[in-house]
Amino acid sequence: MPSFKNSAECAGWPQDVGILALEVYFPSEYVDQTELEVFDGVSQGKYTIGLGQTKMGFCSDREDINSLCLTVLSRLMERTGVGYENIGRLEVGTETIIDKSKSVKSVLMQLFEDSGNTDIEGIDTTNACYGGTAALINAINWVESSSWDGRYAVVVAGDIAVYATGAARPTGGAGAVAMLVGPHAPLIMERGVRASHMCHVYDFYKPDLSSEYPTVDGKLSIQCYLSALDACYQTFSRKCNATKEASSSPMSLEQLNALLFHSPFCKLVQKSLARLSFNDFLNTPADQVAAKYPGLEAFREKKLEDTYFDKDVEKAFMGYSLPIFQAKTKPSLLIATEVGNMYTPSVYGGLASYISCNTASSLAGKRIALFSYGSGLASTMFSLKISDDDGPDSPLSQLVSSLSNLKARLDSRKKVSPAVFAETMKLRQETHHKAPYTPVGSVDTLFPGTWYLTKVDDMHRRQYERSPLTPTLPAMEVDGAASNYLIKESTSMSTETLPQQV
Ligand code: CAA
């Protein structure tokens, strides 16, 4: 536990501020996208190859945004052993709004009651899928500021992504991520290179407050995503180049060991990586193009803003960047393809996925770029430098160990039929915001330690209980140090279930 008073860091900025620990929660039930193609009567391969999705997690009426965040925060605190009294800031990013006034953060304060700690800054942040990143930036900024009191910050990002029947429905999902933020982190937020792009568009938004479903202009949303990606990468590259020695190589995909993206559907992520290679291509000095991009010279006259849906450019650079995608991005798509779009946690699910299929020694010293996108729109590209210390008890090794069973956890979910999924969506639709209401979904299918909704009373007050913990998810067997992770079992990850490549 860092102590402000005793720390040499009193004299200066805390060092290596970033993510110390990361917990992911996804629902225990999913629908298979191949079966959904048949059920929806669309052509075979549309969801699985066209969108790159394998499975989609979803929640019954037993789970809402409060319960998802209660679950993931409880798990983070139990796994790390950080006492609730040691948290000085708690930020929530979500776009799953069930109350126009009361924050999810305030609901999470129930977990702090026994500790007596009410001195915790931070509330909720909302802008589509970007809220988690805004929350993370707030938390990092707090630790690096004169307001920091030496305690940890926690960021919780969670959402239930559901769409009306139609083309967007297979791009749903649900889940939550909790991140412990502080100094001496294994995943260090790099300073001075964060690049944002924000502007006003109506690509995806939720004007109907009585419905869980968004209003979506699908094609525009893709154009907005890609244009935001271009803008962020250009600014990120410029800032990185400004911090470099004049003699070192300018920013390009070669300078980054991994590239992770917000994933509304996996195919768009592969297209995004291709898009960045097209940016690199356009940034390459003319006399180097033929050597670096043989056969692609004809695209030299193309402009970024004219090519969002240019199939020739897309195909050429998808082909060119395929090995880069395989090495630097595809490992991050495990949760994205198996759970679907989690909205605010999506890019952090990508981070967890990437870590889960690596070892501490293979990660040590690497540099990861992340692109976060929220419709409307708000977007940021930032980079994480991974600590060099990969010793057995290092924070990096503990982080890797804590995520090593991710694939096994995904595999332990229960598959339900598309008909049951559709019924569940209908039930959520009909009972959303109903009060009083008693949920009818089974609690037996929930993962151990899952918080669930038991009742909404006639004043819309929500009550929750937690499913029992089992020996596979022990609680509180900790010594109060942030270095004590509990789930140690290791599972090798297969990439067979990841999306098809072109
Ligand atoms: N086999 C293989 N591929 C197939 C196929 C088949 N049988 N049938 C169709 N396809 C391919 C299509 O060719 C297309 O691929 P390309 O784009 O590479 O050409 C792909 O499947 C999608 O098909 P459509 O173009 O027909 O698109 P659609 O009508 O199914 O809609 C969508 C797709 C617009 C993404 C829709 O699902 C949607 O609106 N989703 C929600 C919005 C969204 O996710 N937007 C992404 C950016 S916004 C964002 O990132 C924020 C956020 O999280 C929401």
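Just so you know, residue 1 is the first one in the sequence shown, and it goes up from there.
Side-chain atoms of Thr307 and Arg275 include a donor-acceptor pair closer than 3.5 Å. Glu23 and Tyr348 share no side-chain donor-acceptor pair at under 3.5 Å. In this structure, a donor-acceptor pair under 3.5 Å is absent between the side chains of Ser332 and Thr329. Side-chain atoms of Asn358 and Ser362 include a donor-acceptor pair closer than 3.5 Å. Using modelled atom types and a 3.5 Å distance limit, the side chains of Ser401 and Ser404 yield no donor-acceptor pair. Of the N and O atoms on the side chains of Glu95 and Asn127, not one donor lies less than 3.5 Å from an acceptor on the other residue. Inspection of the Asp280 and Tyr233 side chains reveals an N or O donor paired with an N or O acceptor under 3.5 Å. Remark: the Asp208 side chain and the Ser210 side chain contain an N/O donor-acceptor pair separated by less than 3.5 Å.
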Would Glu144 and Arg191 satisfy salt bridge (Lys or Arg N to Asp or Glu O under 4.0 Å), going step by step from the backbone distance to the final call?
CA-CA 10 Å; Glu144 291 190 338; Arg191 288 175 176 156; 2.8 Å; yes
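Gln33 contributes a side-chain N or O that, together with a main-chain N or O of Pro170, makes up a donor-acceptor pair within less than 3.5 Å. Side-chain atoms of Asp159 come within 3.5 Å of backbone atoms of Thr344 as a donor-acceptor pair (strictly under, hydrogens ignored). No donor-acceptor pair closer than 3.5 Å links the side chain of Arg367 to the backbone N or O of Leu256. Using a distance-only test at 3.5 Å, with no hydrogens or angles considered, a donor-acceptor pair links the side chain of Asn241 to the main chain of Met251. Lys328 places a side-chain N or O within donor-acceptor distance of the main-chain N or O of Leu253, the cut-off being under 3.5 Å.
Residues Leu399 and Pro186 come closest through the heavy atom pair CD2-CG, 4.2 Å. Of all heavy-atom pairs between Ala135 and Val92, the closest is CB-C, 4.3 Å.
Under the salt bridge (Lys or Arg N to Asp or Glu O under 4.0 Å) rule, Asp310 has a single partner from Lys302, Lys303, Lys315, which is Lys302. The ring pair (Phe, Tyr, Trp, His ring centres under 6.0 Å) with Phe204 is formed by just one residue from the set Tyr130, Tyr343, Tyr225, Tyr213; it is Tyr343. Paired with Glu121 under the rule salt bridge (Lys or Arg N to Asp or Glu O under 4.0 Å), one option of Arg151, Lys105, Arg89 passes, and it is Arg89. Checked against Thr54 for a side chain to side chain donor-acceptor pair (under 3.5 Å), the options Asp32, Thr337, Thr48, Thr34 give a single hit: Thr337.
For the pair Lys55 and Tyr30, the cation-pi test (distance below 6.0 Å, angle within 45°) is passed. Geometrically, Arg413 engages Phe26 in a cation-pi contact, judged by NZ or CZ lying under 6.0 Å from the ring centre and within 45° of the ring axis.
Salt bridge Lys311/Glu314: present, at least one basic N to carboxylate O contact under 4.0 Å.
If you look at Phe281 and Phe299, their ring centroids are not closer than 6.0 Å.
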